[in-house]
Trainee: 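To start, I am sharing the structure in question, which I have written as structure tokens.
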Amino acid sequence: MKKVIVVTSSPRKGGNSEVLAQQFVEGAKAAGNDVRLIAVRDIGLQFCTGCMVCQTHKKCVLGDKMNELYDAFQNADVLVFATPIYYYAVSGQLKTLLDRLNPLYTRENKFKEVYLLTTAADDADSAADGAVKDIQGWIDCFEGVALGGVLRGMGVTEKGEINNTDYPQKAYEMGKSIIG
């Protein structure tokens, strides 16, 4: 059994990328994993101030719920980030979360695999290239961590439209492939 954290950064509850996140969760649970879903919109996320206190104290000086999450991220085997594509990059919510995960940089982290689930109105798979680059840049800061997979849910605009595609099933299967 692996510990899996799935982060949904959609500001829309039940949005397309969140549907993918939930399906990944269900697949990972079906494979026998311990899975936790975190919605960025529920943690009162504040912007990083760049004070770097986290590098010596392993926690953040800001008063949102991030300090409650660092141990969970550190001890997870797999991290999954779900994001809508805004202007050919990850959502601002996810970018802010990635910045706020800076206290992990000085910790002994267990995670070695990261997955990315994306949705976009654009039909072209290349519309997610910026988001993949964003996540890969974050991954590159951690030794021995690799991008395990990317799901590009393209051509969906309206909330729930993703349910009329095969992307939720693909997300489920991706989650189910996480074997402990």
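These numbers were taken from a predicted model, which means no experiment stands behind them.
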Trainee: Verify the distance criterion only: is there a donor paired with an acceptor across the side chains of Thr83 and Ser17 at less than 3.5 Å?
Mentor: no
Trainee: As an exercise, state the distance from CG of Leu94 to CH2 of Trp138, rounded to the nearest 0.5 Å.
Mentor: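 With rounding to 0.5 Å, CG (Leu94) is 9.5 Å from CH2 (Trp138).
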Trainee: Output, in order, the C-alpha distance, side-chain angles, deciding distance and verdict of ring pair (Phe, Tyr, Trp, His ring centres under 6.0 Å) for Tyr115 and Phe24.
Mentor: CA-CA 10 Å; Tyr115 290 81; Phe24 191 103; 5.8 Å; yes
Trainee: Under 3.5 Å, is there a donor-acceptor pair between the side chain of Asn16 and the main chain of Ile162?
Mentor: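 Yes, the answer is positive, given that a donor and an acceptor are paired below the 3.5 Å cut-off.
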Trainee: Please check if Leu45 and Ile135 belong to a single hydrophobic cluster, counting links between Ile, Leu, Val, Met, Phe, Trp and Tyr side chain heavy atoms closer than 4.5 Å.
Mentor: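 Result: yes, single cluster for both.
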Trainee: Centre-to-centre under 6.0 Å for Phe73 and Phe111, is that the case here?
Mentor: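 Centroid distance Phe73-Phe111: not below 6.0 Å, so no.
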Trainee: Quick check: do Val156 and Asn164 have side-chain heavy atoms less than 4.5 Å from each other?
Mentor: no
Trainee: Find the distance between OG (Ser10) and CZ (Arg41) and round it off to the nearest 0.5 Å.
Mentor: 6.0 Å
Trainee: Is there side-chain contact between Phe81 and Ser91, with at least one heavy-atom pair below 4.5 Å?
Mentor: no
Trainee: Treating Ile, Leu, Val, Met, Phe, Trp and Tyr as nodes and any side-chain heavy-atom pair under 4.5 angstrom as an edge, say whether Val7 and Ile139 lie in one connected cluster.
Mentor: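 Yes, Val7 connects to Ile139 through the hydrophobic network.
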Trainee: Run the salt-bridge test on Lys176 and Glu26 with the 4.0 Å N-O cut-off and return the result as yes or no.
Mentor: no
Trainee: Taking only Lys NZ, Arg NE, NH1 and NH2, and the carboxylate oxygens of Asp or Glu, determine whether Lys112 and Glu143 approach each other closer than 4.0 Å.
Mentor: no
Trainee: Side chain of Gln136, backbone of Val132: donor and acceptor closer than 3.5 Å?
Mentor: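 Absent.
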Trainee: For the residue pair Ile38 and Val6, establish whether any side-chain heavy-atom pair is separated by less than 4.5 Å.
Mentor: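 Not touching, per the 4.5 Å side-chain cut-off.
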Trainee: Which atom pair, heavy atoms only, marks the closest approach of Val35 to Ala28?
Mentor: CG2-CB, 3.6 Å
Trainee: Between Met154 and Met174, is there shared hydrophobic-cluster membership here, with clusters defined by ILVMFWY side-chain heavy atoms closer than 4.5 Å?
Mentor: yes
Trainee: Answer whether the closest heavy-atom distance between the side chains of Val80 and Val25 falls below 4.5 Å.
Mentor: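 Sidechains of Val25 and Val80: no contact.
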Trainee: What are the two closest heavy atoms between Leu104 and Asn109, and how far apart are they?
Mentor: O-ND2, 2.8 Å
Trainee: Please determine whether a side-chain nitrogen of the Lys or Arg among Asp34 and Lys3 lies less than 4.0 Å from a carboxylate oxygen of the Asp or Glu.
Mentor: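 Not counted as a salt bridge, because no side-chain N and carboxylate O are separated by less than 4.0 Å.
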Trainee: Once rounded to the nearest 0.5 Å, what's the spacing between atom OH of Tyr70 and atom NZ of Lys58?
Mentor: 14.0 Å
Trainee: For Leu62 versus Phe47, what's the shortest heavy-atom pair and its separation?
Mentor: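 Residues Leu62 and Phe47, closest heavy atoms: CD1-O, 3.1 Å.
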Trainee: Ignoring hydrogens and geometry, is there a side-chain-to-backbone donor-acceptor pair from Asp64 to Gln46 under 3.5 Å?
Mentor: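 Side chain of Asp64 to backbone of Gln46, a donor-acceptor pair under 3.5 Å: yes, one is there.
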Trainee: Does this structure show an ion pair linking Lys133 with Asp129, if we count only N-O contacts that are shorter than 4.0 Å?
Mentor: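 No, this pair does not count.
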Trainee: Does a donor on one side chain and an acceptor on the other come within less than 3.5 Å for Asp122 and Tyr88?
Mentor: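 Present: a donor and an acceptor within the cut-off.
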Trainee: Is it possible for you to say whether Ile178 and Leu151 belong to one hydrophobic cluster, with membership spreading through side-chain heavy-atom contacts below 4.5 Å?
Mentor: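 Yes, one cluster joins them.
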Trainee: Is the closest side-chain heavy-atom distance between Lys110 and Gln74 below 4.5 Å?
Mentor: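 Not touching, per the 4.5 Å side-chain cut-off.
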Trainee: State, to 0.1 Å, how close Leu20 and Thr118 come at their nearest heavy-atom pair, and which atoms those are.
Mentor: CD1-O, 3.6 Å
Trainee: Verify, without hydrogens or angle tests, whether Asn67 (side chain) and Cys60 (backbone) share a donor-acceptor contact under 3.5 angstrom.
Mentor: yes
Trainee: Using side-chain heavy atoms (C-beta onward) and a distance below 4.5 Å, is Pro168 in contact with Thr165?
Mentor: yes
Trainee: Keeping Asn33 on the side-chain end and Lys29 on the backbone end, is there a donor-acceptor pair under 3.5 Å?
Mentor: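 It does not hold such a pair.
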Trainee: Hey, what do you get for CD1 (Ile5) to CG (Leu37), rounding to the nearest 0.5 Å?
Mentor: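 If we round to the nearest 0.5 Å, Ile5:CD1 and Leu37:CG are 10.5 Å apart.
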Trainee: Are more than 12 heavy atoms from other residues, nucleotides or ligands located less than 6.0 Å from atom NZ of Lys95?
Mentor: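 Atom NZ in Lys95 is not crowded, with 12 or fewer foreign heavy atoms closer than 6.0 Å.
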Trainee: Check whether any side-chain heavy atom of Arg100 sits under 4.5 Å from a side-chain heavy atom of Asn102, and report yes or no.
Mentor: no
Trainee: For Leu69 and Arg36: C-alpha separation, side-chain torsions, deciding distance, then whether side chain to side chain contact (heavy atoms under 4.5 Å, CB included) applies.
Mentor: CA-CA 11 Å; Leu69 298 174; Arg36 180 175 180 182; 3.3 Å; yes
Trainee: Yes or no on salt bridge (charged side-chain N to carboxylate O under 4.0 Å, His left out) for Lys65 and Asp42, after CA distance, side-chain angles and deciding distance?
Mentor: CA-CA 9 Å; Lys65 295 182 181 176; Asp42 294 339; over 6 Å; no
Trainee: Between Thr8 and Ala39 (side chain of the first, backbone of the second, donor and acceptor by atom type, cut-off under 3.5 Å), is there such a pair?
Mentor: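 Pair absent, no side-chain N/O of Thr8 close to backbone of Ala39.
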Trainee: Could you check if a side-chain atom of Met66 sits within less than 4.5 angstrom of a side-chain atom of Leu97, using non-hydrogen atoms only?
Mentor: yes
Trainee: Minimum heavy-atom separation for Asp99 and Cys48, please, with both atom names.
Mentor: CB-CB, 4.2 Å
Trainee: Return the minimal non-hydrogen interatomic distance between Ile179 and Ala31, and the atom names on each side.
Mentor: CD1-CB, 4.3 Å
Trainee: Does one side chain, of Tyr167 or Gln169, offer a donor that lies under 3.5 Å from an acceptor on the other?
Mentor: no
Trainee: Enter the distance from Arg12:CZ to Lys159:NZ here, rounded to the nearest 0.5 Å.
Mentor: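 Those atoms lie 7.0 Å apart.
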Trainee: Report the distance from atom CD of Glu18 to atom NZ of Lys13, rounding to the nearest 0.5 Å.
Mentor: 7.5 Å
Trainee: Has Thr96 got a side-chain atom pairing as donor or acceptor with Gln93's backbone, closer than 3.5 angstrom?
Mentor: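 Pair absent, no side-chain N/O of Thr96 close to backbone of Gln93.
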Trainee: Hey, does the side chain of Glu113 reach the backbone of Leu147 with a donor-acceptor pair shorter than 3.5 angstrom?
Mentor: no
